[in-house]
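See structure below.
Below, read A as the first sequence line, B as the second, and so on, with proteins coming before strands; counting in each chain starts at 1.
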2 protein chains.
Amino acid sequence: MPAAKRKETTAHVHSPAIEDYLEQIHNLIEGKGYARVVDIAKNLGISQASVTNMIQRLDAEGYVVYERYRGVIMTESGKKIGQEIARRHEVLTRLLSGFGLDPKTVHEDVEGMEHHISRQTLDVLTLLMEELEGNPELLKKLKKRLKSSS
Amino acid sequence: MPAAKRKETTAHVHSPAIEDYLEQIHNLIEGKGYARVVDIAKNLGISQASVTNMIQRLDAEGYVVYERYRGVIMTESGKKIGQEIARRHEVLTRLLSGFGLDPKTVHEDVEGMEHHISRQTLDVLTLLMEELEGNPELLKKLKKRLKSSS
DNA sequence: TAGCAAAGTTAGCCCAGCCTAAAATGTACT
DNA sequence: AGTACATTTTAGGCTGGGCTAACTTTGCTA
């Protein structure tokens, strides 16, 4: 078995770390029009040096275009991933927040889970989110049950 | 900031890798009464050498008791974690499987997500699972909507 | 009971991703 | 233009968790 359990299907696979960076860069560009190393570092809670390092890899792998001391811009493939992760983030957050969970806990869980969700699972979660947002009766019933079990 | 964003609350935190091992050891012991290195390695898709290595760490950190060339047994703290992860695994699996997702996809997603779920989130997911299992009407409605969106 | 296959272990290695310290570059103000 | 401060980059290092190859131990069976 060359390289433990081949990824036979999807070709390009990227690590959670790469997804985190692309998500963050995407968010910053959406929000302020540009993404600086210092902000990426702050948002991810890591050092600026680490960010510079990874940005060079992201460039080498074609996710961003990077020029020394200037900013980064995202390529199409980078944007695609960044948006995808941001979408998962939003769906998970809305689903869990609907139940009134502590925002910090929601955030931590979402950060962890968002890298491990296939399209199919995302569809299911989206569906649940929509149903609960559109069906206050049901949500209320479940929240009550939730409270009584804690 | 010593060690990037302190874990101020929960003291003992263990890595996803450790959780995987403990879950697997727990499952094997439940199923066949003992856990051999070769089986753990097979189930996790990694080499036996890596397993031996990690088992020594698990012993050092008090999750299992290990004796050279003999098996491992789990300590209370190890059992606790193993059971906890197995529980998360089961809840996630039942929830997603209920929607008829491809079992392989379910398994992959669950393997990834199960390490990032707080107690609160687990409670929510459990609730959803129970509601859907006990409310076939609702499940049916959602599955239909799911199909039409794919 | 001797030998052999299977299981377990050790040694040495590698890579992803993080870190700190120090150097380089950019920017803003006088 | 010069200088101070912020930002970015480089260099060097560390740890977790994996690998292969070579060895040891166990346990079954002839």
Those residues at least two apart in sequence (or on a different chain) that pass side-chain contact (heavy atoms from CB on, under 4.5 Å) with A:Tyr34 are A:Lys32, A:Arg36
List in numerical order all residues of residues 67-75 of chain A for which some heavy atom is under 4.0 Å away from an atom belonging to DNA chain D. A:Arg68, A:Tyr69
Write down the distance between CD1 (B:Ile55) and P (D:dG16), rounded to a whole number of angstrom. 18 Å
Quick one: side chain to side chain donor-acceptor pair (under 3.5 Å) partners of A:Glu133, sequence neighbours excluded? A:Arg94
Can you name the side chain to side chain donor-acceptor pair (under 3.5 Å) partners of B:His26, sequence neighbours left out? none
Take the angle between the ring planes of B:His116 and A:His116 and call it parallel below 30°, perpendicular above 60°, tilted in between. parallel
B:Leu58 has an atom CG; how far is it from atom P of C:dT9, in whole Å? 13 Å
State which residues pass side-chain contact (heavy atoms from CB on, under 4.5 Å) with B:Glu84; sequence neighbours excluded, sorted by chain then number. B:Arg88, B:Leu122
In short, ring-ring contact (aromatic ring centres under 6.0 Å, His included) pairs touching residues 123-144 of chain B with sequence neighbours left out are none
Can you list, by chain and residue number, the hydrophobic cluster partners of A:Val65 when the side-chain cut-off is 4.5 Å? A:Ile73
Which listed nucleotide (D:dG18, C:dA7, D:dT9) is nearest to the side chain of B:Gln48? C:dA7
In this structure, how many angstroms lie between the C1' atom of C:dT27 and the CZ atom of A:Arg36, rounded? 12 Å
Please tell me which of the listed nucleotides, C:dG8, D:dC19, D:dT10, lies nearest to the side chain of A:Thr52? D:dT10
Could you check how far CD of B:Glu19 sits from P of D:dG16, rounded to whole Å? 16 Å
Go through the structure and list residues passing side chain to side chain donor-acceptor pair (under 3.5 Å) with B:Glu30, not counting sequence neighbours. none
Please name the pair of heavy atoms, one in A:Thr105 and one in B:Ser118, separated by the smallest distance, quoted to 0.1 Å. CG2-OG, 3.2 Å
To the nearest Å, give me how far apart CD1 (B:Ile40) and C1' (C:dG8) are. 11 Å
To the nearest 10 degrees, what angle separates the axes at the start and end of the helix from C:dT1-D:dA30 to C:dT30-D:dA1, five pairs each? 10°
Taken in chain and number order and not counting sequence neighbours, the residues that satisfy salt bridge (charged side-chain N to carboxylate O under 4.0 Å, His left out) with B:Lys79 are B:Glu76
What integer distance in Å separates A:Ile46:CD1 from D:dT7:P? 17 Å
Of all the nucleotides listed (C:dC19, C:dA7, C:dT10), which has the minimum atom distance to the side chain of B:Gln56? C:dT10
Please determine if a side-chain N or O atom of A:Ser47 lies less than 4.0 Å away from the OP1 or OP2 oxygen of C:dC18. no
A:Tyr66 meets the side chain to side chain donor-acceptor pair (under 3.5 Å) criterion, sequence neighbours left out, with A:Gln56
Show the distances under 3.5 angstrom between N or O atoms of the protein and N or O atoms of nucleotides 11-17 of chain C.
unit_1: C:dG17; atom_1: OP1; unit_2: A:Ser15; atom_2: OG; d: 2.6
unit_1: C:dG17; atom_1: OP2; unit_2: A:Arg57; atom_2: NH1; d: 2.2
unit_1: C:dG17; atom_1: OP2; unit_2: A:Arg57; atom_2: NH2; d: 2.9

Given atom CG of B:Asp20 and atom P of D:dG17, what is their separation to the nearest angstrom? 10 Å
Using whole Å, what does the distance between atom P of nucleotide D:dT8 and atom CD1 of A:Ile25 come to? 12 Å
Quick check on salt bridge (charged side-chain N to carboxylate O under 4.0 Å, His left out): which of A:Lys143, A:Arg145, A:Lys144 does B:Glu131 satisfy it with? A:Arg145
